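Being a predicted model, the structure only gives us computed values, none of them experimental. This chain uses plain numbering: 1 for the first residue, then up along the sequence.
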Amino acid sequence: MRVVDRITFKQAIKDICSSAHYELDTGLVKLLENSYKDEVSIIARDILQTIIENAQLAKVNSQPLCQDTGIGMFFIEMGEEILVEGGSATKLINEAFREIYQEESFRKSVVREPLFARSNTGDNLPPIIHWDFVPGDRIKVYFLPKGAGAENMSRLKMFHPLSDKNQLIEFVLDTVRRGGGNPCPPLLIGIGIGGSFDYVPILAKKALLRPIMEDNPDSRLTELEAEILTAVNNLGIGPMGLGGKTTALRVTIIQYPCHTASLPVAINLQCHSHRCKMIII
């Protein structure tokens, strides 16, 4: 059994919480630069250039990429042969998350009662933590702060089990079309297929965690991702909804077994400010 002390664990959590807000993935910057070269709309090119410059300034000046520093999302693969010493891992994550949002003066956006008083918790707690227990003695932590603009445009649908891929593609197009400029395109589109009503949105969000330059291990899904990306960009919504060729930068899909009478599909939209970091402890 490997032991990790609480200080090491907390500092790792604070490090990715901080860097996620300041450093856009280099692969994603490359996608933005390629889109800038391919764009024909002057307005779209100006917006893409501003997005790229914003990423450069955020990294150099250690300033948040976006004013909406989001609700915290953690996806953790916890090795079954590792122990975090000095307190529960969940408690330590909450402590680290609260401290870094206070130290860095990130905007606190979480309200205590969603329907009634909607008073701010004051510390951005609680984050949402998804745990997977896996073999081994390592901890893989993904941090994905989610702003509300793109999150609010996300959707879920329980399809008839005999539905085909064209119906799925139309659902994606309808989702992006309805969102227009609200989710701050160009987008990253995470799609979950299968599982159940409660699990498929988690799949969609996990799809966004795939490294930018990494292909889908299933070649059929790789083809589907490319087909959807082309169809989405043909909508002409463009950067920030002002027209152009670049409505989305990337589509990623995860599928999972499901009941024979079911076909759940969820779409999680992510804005161009895709703040996602991973660390292995």
Using the side-chain contact (heavy atoms from CB on, under 4.5 Å) rule, take Ile71 and Ser109 through it: C-alpha gap first, then chi angles, then the decisive distance, then the call. CA-CA 7 Å; Ile71 184 170; Ser109 304; over 6 Å; no
Going by heavy atoms in the side chains, are Arg210 and Asn216 under 4.5 Å from each other? yes
Nearest-0.5 Å distance, CD1 of residue Ile237 to CG of residue Leu242: 11.0 Å
Within a strict 4.5 Å, meaning less than it, do heavy atoms of the Phe143 and Ser18 side chains meet? no
So, Gln167 side chain and Asp164 main chain: donor-acceptor pair closer than 3.5 Å or not? yes
Taking the side chain as every heavy atom from C-beta outward, state whether Ile212 and His274 have any atom pair closer than 4.5 Å. yes
Charged N to carboxylate O under 4.0 angstrom, Arg6 versus Glu95? yes
Is there a donor-acceptor pair under 3.5 Å between the side chain of Asn233 and the backbone N or O of Thr247? yes
side-chain contact (heavy atoms from CB on, under 4.5 Å) between Leu173 and Val232: does it pass, once the steps are laid out? CA-CA 6 Å; Leu173 295 179; Val232 166; 3.8 Å; yes
Out of curiosity, does Leu31 fall in the hydrophobic cluster containing Val251 (side-chain heavy atoms, cut-off under 4.5 Å, transitive links)? no
Working to the nearest 0.5 Å, report the span between CZ of Arg138 and CD of Glu81. 10.5 Å
Name of the residue among His130, Lys140, Met278 meeting side-chain contact (heavy atoms from CB on, under 4.5 Å) with Phe75: His130
Determine, using the 4.5 Å side-chain heavy-atom cutoff (strictly less than), whether Val265 and Leu203 are members of one ILVMFWY cluster. no
Atom OH of Tyr36: over 12 foreign heavy atoms under 6.0 Å: yes
Hey, could you give me the OG/CZ distance between Ser262 and Phe197, rounded to the nearest 0.5 Å? 11.0 Å
Note: Asp174-Lys157 ion pair, threshold 4.0 Å (strictly below): no
Would you call Asp123 and Lys108 a salt bridge, taking side-chain N to carboxylate O under 4.0 Å as the test? no
Considering non-hydrogen atoms only, spot the tightest contact between Ser273 and Cys66 and give its length. OG-CB, 4.1 Å
With a 4.0 Å cut-off, would you call Lys14 and Glu104 a salt bridge? no
When you measure from the side chain of Asn124 to the backbone N and O of Val110, does any donor-acceptor pair fall under 3.5 Å? yes
Any side-chain heavy-atom pair of Thr26 and Lys30 under 4.5 Å: no
Transitively linked via ILVMFWY side-chain contacts under 4.5 Å: Tyr22 with Ile13? yes
Check the pair Ile228 / Leu168 against side-chain contact (heavy atoms from CB on, under 4.5 Å), numbers first and verdict last. CA-CA 9 Å; Ile228 293 173; Leu168 184 150; 3.9 Å; yes
Exceeds 12 heavy-atom contacts within 6.0 angstrom, atom CD1 of Ile7: no
Verify the distance criterion only: is there a donor paired with an acceptor across the side chains of Arg155 and Thr175 at less than 3.5 Å? yes
Give the cluster check for Leu229 versus Leu187: same hydrophobic cluster or not, with ILVMFWY residues linked at side-chain heavy-atom distances below 4.5 Å. yes
Keeping the roles fixed (side chain from Lys245, backbone from Asp38), state whether a donor-acceptor pair exists under 3.5 Å. yes
What one should report as the nearest heavy-atom pair of Thr69 and His21 is O-CE1, 3.2 Å
Minimum heavy-atom distance between Lys37 and Arg45, given as atom pair plus value: O-NH1, 4.0 Å
With the side chain counted from C-beta on, respond yes when Ile191 and Leu224 share a heavy-atom pair under 4.5 Å apart, and no when they do not. no
Give a yes-or-no answer on whether the side chains of Glu170 and Asn166 include a donor-acceptor pair shorter than 3.5 Å. no
Classify the angle between the aromatic ring planes of Phe159 and Phe171 as parallel (below 30°), tilted (30 to 60°) or perpendicular (above 60°). perpendicular
Check Thr246 against Ser35 and note the closest heavy-atom contact, atom names and distance. CG2-OG, 3.4 Å
Counting C-beta onward and ignoring hydrogens, is there a side-chain heavy-atom pair between Asn268 and Ser154 closer than 4.5 Å? yes
When you look at NE2 of His259, are more than 12 heavy atoms from neighbouring residues, nucleotides or ligands closer to it than 6.0 Å? no
According to a hydrophobic-cluster definition based on side-chain heavy atoms being under 4.5 Å apart (Ile, Leu, Val, Met, Phe, Trp, Tyr only), do Ile280 and Ile129 belong together? no
What do you reckon, is CD1 of Ile43 surrounded by more than 12 foreign heavy atoms closer than 6.0 Å? no
Parallel, tilted or perpendicular: which one describes the rings of Phe97 and Tyr101, with boundaries at 30° and 60°? tilted
Do Pro64 and Arg107 have side chains that get closer than 4.5 Å, going by heavy atoms? no
Looking only at heavy atoms, which two atoms of Arg275 and Gly147 are closest? And how far apart? NH2-N, 3.8 Å
Is the backbone N or O of Pro114 less than 3.5 Å from a side-chain atom of Arg118, with the two atoms forming a donor-acceptor pair by type? yes
side-chain contact (heavy atoms from CB on, under 4.5 Å) evaluation trace for Tyr142 with Glu77: CA-CA 9 Å; Tyr142 292 91; Glu77 296 176 12; 4.3 Å; yes
Exam field: side chain Asn94 to backbone Leu125, donor-acceptor pair closer than 3.5 Å: no
Would you name the heavy atoms of Leu28 and Leu249 that are closest together and state the gap between them? CD1-CD1, 3.7 Å
Report yes or no: does Ser62 contribute a side-chain atom to a donor-acceptor pair with the main-chain N or O of Ala58 at less than 3.5 Å? no
Looking only at atom types and distance, does a side-chain atom of Ser119 sit under 3.5 Å from a main-chain N or O of Arg112, one as donor and one as acceptor? no
Can you tell me how far the CG atom of Asp137 sits from the CE atom of Met78, to the nearest 0.5 Å? 11.0 Å
Decide yes or no for Val84 and Ile139: does some side-chain heavy atom of the first lie under 4.5 Å from some side-chain heavy atom of the second? yes
Spacing of Glu223 atom CD and Asp218 atom CG [to the nearest 0.5 Å]: 9.0 Å
I'd like to know if the side chain of Asn54 and the backbone of Thr50 have a donor-acceptor N/O pair within less than 3.5 Å. no
Calculate, to the nearest 0.5 Å, the distance between atoms CG and CE belonging to Asn182 and Met153 respectively. 4.5 Å
Under a 3.5 Å distance rule, please check whether His272 uses its side chain to pair with a backbone N or O of Leu48 as donor and acceptor. no
